[in-house]
Amino acid sequence: MPAPFPKIGIHKNILNVACNAYNFAAPSILASDFAILAEESQRMIDAGADYLHVDVMDGHFVPNLTLGAPIVKSLRKHTNAFLDCHLMVSNPEQWVGDFAKAGANQYTFHIEATEDPESLIHKIHANGMKAGVAIKPKTPAESVFAIAHLVDLILVMTVEPGFGGQSFMEDCLPKVKELRERYPEKDIEVDGGLALDTIERATAVGANVIVAGTSLFGVDTPAKTIAIFKETIIRNVTAKFSD
C-alpha cells in the first residue's frame, strides 16, 4: 500500500516553516545513479526532500524509455518517502492499478494522453493515490480548467518531456501564474531545468512544488540547494497566497 500522504496544499492556518506543508522539493530519480537507487533516494530525503519524483516514459508518448512499476515496487521496500509518479505514457489508464500496488502515492497523467480525464482521476483516487494532471510546454493552461477542481496537483512542464538535462523554458511561466491565480490553494508543480538560477522565476509566479534532477543529484551538498528552494517558495508563494 502507498505510504501515508504528507500534507499538501497551501493551507491558511499552517505558517510554520518547519512543517514543510506547502513548500515541496521533489528530486527526480531519473538523474540518480540507478545502480544505487535506494542509497541515492535516501541521500535526497536526508537532505530535506519532501517527495521523490519518478519519471515514467513509455517510448511512445515521449521518445525515451525509462522505468516502470517494478522499479517503484522495489524502491518502496527501502523508503517511506512520498513517491510522486509522473506518467509520460500514451495510455495512462492502463497502469493505475500497477502503480498503486507498487506503492506510488501520486499518479500524474498528461492531459494530452487521455480522452476521459475525469474518469481517470476517479480511478486514481479509487486506487488510493493522489491524482495529478500535467501539461506540455505547448499545451495551454485552459486545457485543465474543466478538471482542475478534481486533481490534487497540476504539473506544468518547463521543458519538453522525454529527457533530463534540458534548458528551462521561461515562456511556460505565464501558465503557472494563470493557474496559481485561479487555484490559490492548489499544489502547482514545475518540472524541467529547475536549479538555483531558475527557482526565483518559477516560484515568483506561484509554483510550490519543484522537481529537480541534476541540480540536486549532481551536487555534493543537495541540502543547501533544497533549503534555498524551500526558502524561495515560502517567500514567493506562501507569503502571497496564505493570507
Side-chain angles (χ1 to χ4, degrees), residues 1-3 5 26-32 34 37 41 51-76 81-141 143-144 146-148 150-166 169 172 175 179 187-194 209-213:
M1 293 296 292
F5 301 136
S28 171
I29 66 170
L30 187 63
S32 71
F34 279 9
L37 180 56
S41 298
Y51 291 0
L52 292 175
H53 188 80
V54 183
D55 287 307
V56 180
M57 308 178 193
D58 64 356
H60 185 262
F61 182 73
V62 292
N64 195 12
L65 186 66
T66 59
L67 48 83
I71 300 297
V72 172
K73 182 178 180 180
S74 294
L75 182 58
R76 175 52 75 208
F82 187 97
L83 299 182
D84 172 31
C85 297
H86 175 199
L87 279 287
M88 289 166 274
V89 301
S90 292
N91 184 13
E93 291 83 359
Q94 179 179 353
W95 307 108
V96 173
D98 287 348
F99 275 84
K101 292 175 183 176
N105 296 105
Q106 186 157 265
Y107 189 99
T108 298
F109 64 92
H110 269 266
I111 194 67
E112 305 92 349
T114 181
E115 295 182 357
D116 190 356
E118 184 169 346
S119 293
L120 177 53
I121 293 164
H122 290 314
K123 183 176 183 179
I124 294 166
H125 285 153
N127 275 268
M129 297 181 289
K130 298 289 186 183
V133 62
I135 54 176
K136 291 182 177 182
K138 294 180 182 179
T139 302
S143 66
V144 301
I147 49 87
L150 298 174
V151 297
D152 302 287
L153 171 144
I154 302 171
L155 165 57
V156 177
M157 293 298 299
T158 47
V159 297
E160 289 293 342
F163 294 94
Q166 298 180 61
M169 297 174 66
C172 296
K175 293 190 290 186
L179 289 165
D187 279 333
I188 299 179
E189 184 173 59
V190 285
D191 181 0
L194 275 302
V209 185
I210 307 299
V211 177

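The OG1 atom of T114 sits 6.5 Å away from atom CZ of F109, with the distance rounded to the nearest 0.5 Å. I210 CD1 to L194 CG: the interatomic distance, rounded to the nearest 0.5 Å, is 5.0 Å. Remark: I121 CD1 to L150 CG distance equals 5.0 Å, nearest 0.5 Å. S143 contributes atom OG, which lies 11.0 Å from atom NE2 of H110 (distance to the nearest 0.5 angstrom).
Counting heavy atoms from C-beta on, the side chains of K136 and P161 come closer than 4.5 Å. Residues V56 and L67 meet the side-chain proximity criterion, which asks for heavy atoms closer than 4.5 Å. Side-chain contact between S41 and L75: present, with at least one pair of heavy atoms (C-beta onward) separated by less than 4.5 Å. Annotation: side chain of K130 is not in contact with side chain of L153 (no heavy-atom distance under 4.5 Å). Using a 4.5 Å heavy-atom cutoff, the side chains of P92 and Y107 are in contact.
Summarising the geometry of S32 relative to L37, their closest heavy-atom pair is OG-CD1, 3.4 Å, with the distance given to 0.1 Å. P140 approaches I135 most closely through the heavy-atom pair O-CD1, 4.3 Å. The shortest non-hydrogen separation linking I29 to F34 is O-CE1, 2.9 Å. Residues G103 and V72 come closest through the heavy atom pair C-CG1, 4.4 Å. Taking each heavy atom of M88 and G162 in turn, the nearest pair found is SD-N, 4.1 Å. Counting all heavy atoms, side chain and backbone alike, V89 lies closest to A113 at O-CB, 3.3 Å.
Between the side chain of T66 and the main chain of M57, a donor-acceptor pair closer than 3.5 Å is present. Formation of a donor-acceptor pair under 3.5 Å by the R76 side chain with backbone atoms of I71 is not found in this model. Side-chain atoms of K101 do not come within 3.5 Å of backbone N or O of A69 as any donor-acceptor pair. Formation of a donor-acceptor pair under 3.5 Å by the K175 side chain with backbone atoms of P137 is found in this model. Although no hydrogens or angles enter the test, the distance criterion places no donor-acceptor pair under 3.5 Å between the side chain of E112 and the main chain of T139. Side-chain N or O atoms of T158 include one that pairs as donor or acceptor with a backbone N or O of D191 at under 3.5 Å. Looking only at distances, a side-chain donor or acceptor of D58 sits under 3.5 Å from a matching main-chain atom of S90.
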Decide yes or no on side-chain contact (heavy atoms from CB on, under 4.5 Å) for D55 and N64, but give the supporting numbers first. CA-CA 11 Å; D55 287 307; N64 195 12; over 6 Å; no

Run K138 and E160 through side-chain contact (heavy atoms from CB on, under 4.5 Å) and show every step you take. CA-CA 9 Å; K138 294 180 182 179; E160 289 293 342; 4.2 Å; yes

Could you go through the side-chain contact (heavy atoms from CB on, under 4.5 Å) check for V211 and Y51 one step at a time? CA-CA 9 Å; V211 177; Y51 291 0; over 6 Å; no

F99 and L87: CA distance, side-chain angles, deciding distance, side-chain contact (heavy atoms from CB on, under 4.5 Å) verdict: CA-CA 10 Å; F99 275 84; L87 279 287; 3.8 Å; yes

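Surrounding NZ of K123 are more than 12 heavy atoms belonging to other residues, nucleotides or ligands, all under 6.0 Å away.
Under the 3.5 Å distance criterion, with hydrogens and angles disregarded, no donor-acceptor pair is assigned to the side chains of H86 and D84. In this model, no donor atom of one side chain and acceptor atom of the other lie less than 3.5 Å apart for N91 and H60.
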